[in-house]
Amino acid sequence: MSRTRELPRAYVPADFEGAIYERWLEADVFAPDGKGSRADDTKPPFVIIQPPPNITGALHLGHALTSTLEDLMIRHARMTGRPTLWLPGLDHASIAAQYVLDRIIAAEGETREGLGREGYLERMWQFINTTREVMLGQQRRMGASLDWTRLRFTMDEGSSRAVRTAFARLYREDLAYRTETLVNWCPGCRTSVSDLEVLPTEERGTLWTIRYHLIDPRSGEPRTDAWLSVATTRPETILGDTAVAVHPSDARYAALVGRTVRIPFVERDVPIIADDSVDPAFGTGAVKVTPAHDKTDHETGKRHDLPMLTVLADDATINEIGVGYAGLDRYAARAAIVRDLDARGDLESERPHEMLIGRCQRSNDVIEPRLKTQWFVRTAPLAAAALAATRDGRTSVVPPRFEKVWEHWMTSIHDWNVSRQLWWGHRIPAWYCPDGHVTVSELEGGPATCAGCERPASELTQDPDIFDTWFSSGLWPFSTLGWPDATEDLRRYYPGTVLETGYDIIFFWVARMMMLGIHLTGDIPFRTVYLHGLVKDPLGKRMSKTKGNVVDPLEAIAESGADALRFALVHGTSPGNDQKFRSERLDDGRNFANKLWNATRFVLGARPATVPVEAVRLSPDPLHSGPAERWIQSRVAAAIEAVDHGMAELQFAEVTRTLYEAIWSEFCDWGLELAKVRLADSSLSQAEREATWWTLVEALDRYLRLLHPVMPFVTEELWASLPHAPQDPEHLIVAAWPARGQRDEGVETEVAGIIDLVRALRNARAEAGIEAAAWLPVDVVVPAARMATFSSMGRAVERLARARPLTHHANRDGAASGAGLEVVAGELEARITTIGDATLPERERGRLEKELAEATTLLAAARDRLANESFLARAPSAVVAGAREREAELAEMVHRLRARLGA
RNA sequence: GGGCGGUUAGCUCAGUUGGUUAGAGCACAUGCUUGACAUGCAUGAGGCCACUGGUUCGAGUCCAGUACCGCCCACCA
């Protein structure tokens, strides 16, 4: 059966991309167990784990890159016959989603509190039901061949059950615990966030030096004439100070340790303590200690058993402890306190100060460290197991350099604050009884009774908090396969083959999946971590809506096609490295698709009349093939080798470069041009012309297969128009990946010689300013060893170099001499014998002189090298032999050029 | 304060275990209505491979250092 048909004249992606995706869906080829799948179940499955995109966001180029790379891998694996699983999904993105929805309802005049928890969640489900289709539609438009039968969401029941089970297990194993400690508090989001969600930003603040008056031990009252100066960037925190610390070996303050100072406004007397954490060289060398609002101070406080006074409310206003400042916003309080300190003469100095301020990744609010009772996951043992997996190679990271940051992070990891004071997400499955007992249960309806005192469920209260969104993401590789049940999918598709994602979420996501996956399932979640870089704007800046430098993938697709976008993204990527994306890249991709389109049109149109339209694919007959046909076959084999290598090494840009070069510069520029000559040569037999045509068909077929993972639409469309072999499937997407063919080094060298000759002749003509269309007589000296190829390809040389008549001689004795243009191309040398003018034009003389100068320099360098005893003694013999050959070649060239110029 | 990456043509990037003359695309110049393609064809110009030393017969490639750019990590108030 053949689907040979006429292709439209112009390549217009919009005309067919959508329809092709529908065809794939209909053929049911995406799922490993789909009815159109041609997977060989005896082969190991190939499983890609994709980062489920946030349900709120629109697809940006980063998603497009992710989709493209993953689709490329899955399509390649599918064509090699492996069962493939690429599971689609969406992440509920708790804090990010709330942030977005809060703004939406704010625009409607609503608030989170106004809607209430139930109402708010209802509104959230409504919201994501509209965004989810957009997100999924965008992936389909990219051509992503995801197994839609397994679509999952991190808030679906399977995920919920996995979350509850995982947490209950961690709790039972003492790997999850609840405690009051210092956390990162975002006053805007009204929740704690993990260390990773705090972005240190460089800002110019103020360093104030203030005086704490020493208490007179006799009177118990502060002395007006004796004080200790401390420096602070956050004067409002003095309200919570419970000590002043100095370095133990600081002689200036040694006598003061153990004495007491009075904190202004709150009129609290606090001790002066000695602690190693103090840097005597900074500020005054004395530090105010606020254990409830500073990380270092918190540690100091614990060491010295200091009271920890929380002075901030959840909204970052000063609470009742702050007496006269209570109710003021933190910054208003700061200003007021500075003013009041100054008024009472206790503000010693103030100066600008560059510092790092932690801001919320989501809302950009300044994070306040503060005490909260929160759930934590004990990470040390989990991290040790994750680290062991990368160290012993069970999981490898591409590019390997990321293993270093991985090591560092895993070895200096802190416990993970997993509870969030938000509404949208998985509720923490912990219940508390009035007596303070904690019950953690994986049961959907919660525990029946208190674990500590057997009180009934009705007397228990569930923790109002939810999980950090990354907790459920961390279970993704196995929660999506049915865990905690021992499902067939889990047995078959876990661990995954490749986790592909951006390096920016290596800690957020990759690390958590490794830690949780290994612990909960007993096996690594994936064998390879492939990290791609960020897609940036042409100036190397991060794309962001506020900067207005974002490229919308859907617009790019509308303009140039999904294939062009995919090509552009893959062409510019290399593992772990960012790429600057410029829209010219889209043109490259579109032009390439167009080139392929037209090459296919040509091949279809060049079908010899003796081959029926509905012909079944034949292999080119080797007996009737010439050197050009063998050259094409050998170059196709070379391309297969290179693409296989690129795929195996995950060097996908190498794949696109190889194919671009092979299809455009080799197949189209030379393969088709050489074939045109033979197809039109009436002196050849019918069998010979058919062999040429089948060679083109076969080459095209191979190239389309190789390119399909990168540019699935145009290749699918074009492949459908080619004659197929009986064993070929209906769709390219499930066609077999090409097997390596035999290289023919001999024919590659000889045809390269012919190509060089044509190029040299064209060059000489152009340099001499000869009219492009003119036919000029050319005489070529052809060594005996090159004669067969030359005579077989003579007509091609004639046409491509516009050489007519084309004559040849076995040696220079009989060759033409006198005026004309001399051309040297490797072992072939040629002379354009008539150029209309008997004298050598000045331009031509100039060209030859330049060539002579170059050749002379190179010859001198070559001779120097050969005169070097060490080189001869130490370099490998092949290199020396090559140098000798080179020297001889150059000497010959210099000789010929001199003769020519001297004539 | 630690760590990582980058620096190759005007721009964006390749450059495999060190080995002849460092490549591509875009842009540029010149010439082409050559029946697949002007989304094209042909030809060409354009590089002290950031800098300084070292190893080597030989360095864009390996080593050490320097500069600039970018990123990650980090409890100097």
Side-chain angles (χ1 to χ4, degrees), chain A residues 7 9-11 200 207 230-234 237 245 277-279 281-284 286-290 294-300 353 355-356 369 399 401-402 404-405 408-409 412 503-504 506-507 533-534 536 538 540 560 564 571-572 574 576-582 584-585 587-588 590-606 645 649 651 653-654 657 660-661 665 668-669 672-673 676 759 762-767 769 771-773 799-800 802 854-855 857-858 861-862 865 868-876 878-880 882-883 885-887 889-890:
Chain A
L7 287 174
R9 199 179 150 74
Y11 158 76
L207 187 66
V230 299
T232 182
T233 55
R234 294 188 296 158
T237 62
S277 67
V278 179
D279 175 3
F282 186 88
T284 62
V287 175
K288 59 191 268 322
V289 182
T290 323
D294 182 274
K295 243 177 176 177
T296 311
D297 293 0
H298 185 69
E299 294 304 313
T300 308
H353 183 62
M355 56 186 183
L356 289 178
R401 63 182 150 87
F402 279 96
K404 283 183 192 162
V405 296
H408 179 255
W409 196 77
S412 56
Y503 66 72
D504 53 331
I506 184 168
F507 305 133
L534 275 37
K536 300 195 164 169
S560 310
H571 206 61
S574 72
N577 294 323
D578 297 347
Q579 63 171 311
K580 291 177 199 165
F581 188 89
R582 36 186 65 241
E584 288 87 340
R585 274 277 169 74
D587 296 339
D588 292 350
R590 192 217 24 197
N591 294 353
F592 183 42
N594 179 64
K595 187 72 179 175
L596 195 59
W597 182 272
N598 281 295
T600 306
R601 281 184 59 221
F602 167 73
V603 171
L604 294 174
H645 178 263
E649 300 291 314
Q651 298 281 353
E654 183 186 324
R657 276 194 294 275
Y660 189 89
E661 163 84 12
S665 309
C668 292
D669 288 354
L672 295 185
E673 294 307 318
K676 280 177 189 171
R759 282 214 176 104
R762 284 171 173 171
N763 173 348
R765 292 170 55 116
E767 292 286 316
E771 197 193 333
R799 168 162 163 177
L800 299 178
R802 293 190 88 73
E854 272 170 21
T857 313
L858 292 172
R865 192 175 311 120
N868 185 335
E869 293 291 338
S870 303
F871 174 68
L872 298 177
R874 294 173 198 240
V879 171
V880 176
E885 252 174 61
R886 177 74 185 144
E887 190 232 347
E889 215 173 278
L890 286 165

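For the numbers below, each heavy atom of this structure counts, side chains included, while hydrogens, waters and symmetry mates do not.
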* Hey, does A/R799 reach any base, or is it just sugar-phosphate, or nothing, if we go heavy atoms under 4.0 Å? -> nothing
* Asked: Does some side-chain heavy atom of A/R886 sit less than 4.5 Å from a side-chain heavy atom of A/L858?
  -> yes
* Respond yes when some side-chain nitrogen or oxygen of A/N591 is under 4.0 Å from OP1 or OP2 of B/G40, and no when none is. => yes
* If you write RNA chain B from 5' to 3' in dot-bracket form, with Watson-Crick or G-U pairs under 3.5 Å, [ ] for crossing pairs and | for pairs with another strand, what do you get? -> (((((((..((((.....[...)))).(((((.......))))).....(((((..]....))))))))))))....
* To do: Indicate, with a heavy-atom threshold strictly under 4.0 Å, whether A/R759 touches base, sugar-phosphate, or nothing.
  => sugar-phosphate
* Out of B/G44, B/A36, B/C76, which has the shortest distance to the side chain of A/L672? -> B/A36
* With a 4.0 Å cut-off on heavy atoms, is A/I506 in touch with a base, just the backbone sugar-phosphate, or nothing at all? -> nothing
* For A/W597 and B/A38, give me the distance from atom CH2 to atom P, rounded to whole Å. => 14 Å
* Report the distance from atom CG of A/N763 to atom C1' of B/U30, rounded to the nearest whole Å. => 13 Å
* Asked: NA contact type, A/R886, heavy-atom cut-off 4.0 Å: base, sugar-phosphate, or nothing?
  -> base
* **Min side-chain heavy-atom separation A/R765-A/R802 under 4.5 Å** => yes
* For the residue pair A/R590 and A/Y11, establish whether any side-chain heavy-atom pair is separated by less than 4.5 Å. => yes
* By nearest nucleotide on RNA chain B, pick out whichever of A/A599 and A/H571 is the more 5' one. => A/H571
* Asked: Base, sugar-phosphate, or nothing for A/V287, non-hydrogen atoms under 4.0 angstrom?
  -> base
* Structure fact -> In whole angstroms, the gap separating P of B/U16 from CD of A/E649 amounts to 13 Å
* Asked: What does A/N868 touch in the nucleic acid at a heavy-atom separation under 4.0 angstrom: a base, only the sugar-phosphate, or nothing?
  -> sugar-phosphate
* Taking atom P of B/C4 as reference, at what distance in whole Å does atom CG of A/D578 sit? -> 18 Å
* Please state whether the rings of A/H571 and A/Y660 are parallel, tilted or perpendicular, taking 30° and 60° as the class boundaries. => tilted
* To do: Answer with yes or no whether A/K404 presents, from its side chain, a donor or acceptor under 3.5 Å of a partner atom in the base of B/C4.
  => no
* Asked: Are side-chain heavy atoms of A/R234 and A/T290 found at a separation under 4.5 Å?
  -> no
* Do A/E673 and B/A36 share a donor-acceptor pair, side chain to base, under 3.5 Å? -> yes
* **Salt-bridge present (A/K676, A/E673; N to O < 4.0 Å)** => yes
* Do any side-chain nitrogens or oxygens of A/R590 fall under 4.0 Å of OP1 or OP2 in B/G25? -> no
* **Nearest-nucleotide pick for A/S870, side chain only, options being B/G44, B/C57, B/C71** => B/C57
* Within this structure, what is the CG-to-P distance between A/D588 and B/C13, rounded to whole angstrom? -> 13 Å
* If you check every side-chain atom of A/C668, which of B/C41, B/A77, B/A36 has the closest atom? -> B/A36
* Short question: side chain of A/R601, backbone of A/A10 - any donor-acceptor pair under 3.5 Å? -> no
* Could you state the atom-to-atom distance from NZ of A/K536 to P of B/G6 in whole Å? => 14 Å
* Asked: Are any non-hydrogen side-chain atoms of A/K288 and A/D297 less than 4.5 angstrom apart?
  -> no
* Asked: How would you label the contact of A/P200 with the nucleic acid (heavy atoms, under 4.0 Å): base, sugar-phosphate, or nothing?
  -> nothing
* Asked: Between A/R234 and A/R865, which is nearer to the 5' end of RNA chain B once each is assigned its nearest nucleotide?
  -> A/R865
* Asked: Distance between the C1' atoms of B/G70 and B/C28, in whole angstroms?
  -> 30 Å
* **hbond_proxy A/R874 side chain to B/U56 base (donor-acceptor, 3.5 Å cutoff)** => no
* Side chain of A/K580 (C-beta onward), nearest among B/U12, B/A77, B/G19 -> B/U12
* Considering only side-chain heavy atoms of A/M355, which listed nucleotide, B/A77, B/U20, B/A36, is closest? -> B/A77
* Structure fact -> note: A/N594, atom CG; B/C37, atom C1'; distance rounded to Å ~ 6 Å
* Below 4.0 Å: OP1/OP2 of B/A77 and any side-chain N or O of A/H353 -> yes
* To do: With the side chain of A/K595 defined as its heavy atoms from C-beta on, choose the nearest nucleotide among B/A36, B/C73, B/A77.
  => B/A36
* Asked: How would you label the contact of A/A875 with the nucleic acid (heavy atoms, under 4.0 Å): base, sugar-phosphate, or nothing?
  -> base
* Structure fact -> Of the listed B/C57, B/C37, B/U12, the closest approach to the A/R585 side chain comes from B/U12
* May I have the step-by-step check of side chain to side chain contact (heavy atoms under 4.5 Å, CB included) for A/E654 and A/R657, ending in yes or no? => CA-CA 5 Å; A/E654 183 186 324; A/R657 276 194 294 275; 4.2 Å; yes
* According to a strict under-4.0 Å criterion, is A/S574 in side-chain N/O contact with OP1 or OP2 of B/A14? -> yes
* To do: Would you indicate what A/K676 reaches in the nucleic acid, counting non-hydrogen atoms under 4.0 angstrom: base, sugar-phosphate, or nothing?
  => base
* To do: Under 4.0 Å between any heavy atoms, over every strand shown, what does A/D297 touch: base, sugar-phosphate, or nothing? Just pick one.
  => nothing
* Asked: What integer distance in Å separates A/N577:CG from B/G70:P?
  -> 17 Å
